[in-house]
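Only heavy atoms go into these numbers, but all of them, side chains included; no hydrogens, no water, no symmetry mates. Both counts, for ligands and for their atoms, begin at 1 and track the order of listing. Treat the numbers as computed from the prediction; the structure is a model and nothing was measured.
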Amino acid sequence: MAAYDENNIFAKILRGEIPCKKLLETEQALAFHDIAPQAPVHVLVIPKGAYVSSADFFARAGDAEIAGFCRAVAQAAEQLGVVESGYRILANHGPDAHQEVPHFHVHLFAGRDLGRMIKPPEK
Ligand code: AMP
């Protein structure tokens, strides 16, 4: 796995060097609206620690960081008012999943019927 790049866009958001449309901030996590939403609700939740991807976070983060992060995802869904209607969370890791930003993040999609799981690849 590549080393963490301190200049990735989410690291810059965490340092306040570039703006974001913030939904919530906790001790362990930040949630903000995706700049190119793919559903009526599309929020990203990121840990404040420097982790390249889900694999890195799950392997290295401390228990309090993991718990705090998961609770922030749940809190984001509550704040967005989508717990009853439903939502999908998704984390891309690596090239086959087209991970673009090398700071671990969970996408939270909601606001319409999201269909079932993933589309097959284009032929
Ligand atoms: P991924 O392919 O899982 O790495 O997703 C990266 C996501 O970050 C994409 O959905 C982008 O639209 C989103 N994104 C990139 N730059 C920004 C930004 N400055 N503010 C909010 N979302 C961003």
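Nearest to atom 22 (N) of ligand 1 among the protein's heavy atoms is I35 N, 3.1 Å. For atom 4 (O) of ligand 1, the nearest protein heavy atom (residue, atom name, distance) is E100 N, 2.7 Å. For atom 2 (O) of ligand 1, the nearest non-hydrogen atom of the protein is H98 O, 3.0 Å. Protein heavy atom closest to atom 6 (C) of ligand 1, with residue, atom name and distance, is H105 NE2, 3.6 Å. If you check which protein heavy atom lies closest to atom 10 (O) of ligand 1, you get D34 OD2, 2.6 Å. The protein heavy atom nearest to atom 8 (O) of ligand 1 is F10 CZ, 3.4 Å.
Under the 6.0 Å cut-off for aromatic ring centres, H103 and H105 do not qualify, their centroids lying 6.0 Å or more apart. Taking the ring centroids of F104 and Y51, they lie at or beyond the 6.0 Å cut-off.
Placement of V106 and F58 within a single hydrophobic cluster is found when ILVMFWY residues are connected by side-chain heavy-atom separations under 4.5 Å, directly or transitively. Note: the hydrophobic cluster containing L108 does not contain I46 (ILVMFWY, side chain heavy atoms under 4.5 Å, direct or indirect links). There is a path of hydrophobic side-chain contacts, each under 4.5 Å, that joins F69 to I89.
Considering backbone and side-chain N/O of I18, none are found under 3.5 Å from N/O of ligand 1.
At least one side-chain heavy atom of F10 sits under 4.5 Å from a side-chain heavy atom of L44. At least one side-chain heavy atom of S53 sits under 4.5 Å from a side-chain heavy atom of Q99.
Residue contacts with ligand 1 include H107, since one of its heavy atoms falls under 4.0 Å from the ligand.
Close contacts between ligand 1 and F32 involve ligand atoms 21 (C) [criterion: under 4.0 Å to a heavy atom]. Listed by number with element, the atoms of ligand 1 under 4.0 angstrom from any heavy atom of N92 are 1 (P), 2 (O), 3 (O). Heavy-atom contacts of A36 reach the following atoms of ligand 1: 12 (O) (cutoff under 4.0 Å). Within ligand 1, the atoms closer than 4.0 Å to a non-hydrogen atom of L44 are 8 (O), 13 (C), 22 (N), numbered from 1 in the order shown.
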* Asked: Do I13 and F32 pass the side-chain contact (heavy atoms from CB on, under 4.5 Å) test, and can you show the C-alpha distance, the side-chain angles, and the key distance before you say yes or no?
  -> CA-CA 10 Å; I13 287 175; F32 53 94; 3.9 Å; yes

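For H33, every heavy-atom contact with ligand 1 shorter than 4.0 Å involves the backbone, none the side chain. Counting heavy atoms closer than 4.0 Å to ligand 1, residue F104 contributes nothing at all.
Within 6.0 Å of the CD atom in E17, the count of heavy atoms belonging to other residues, nucleotides or ligands exceeds 12.
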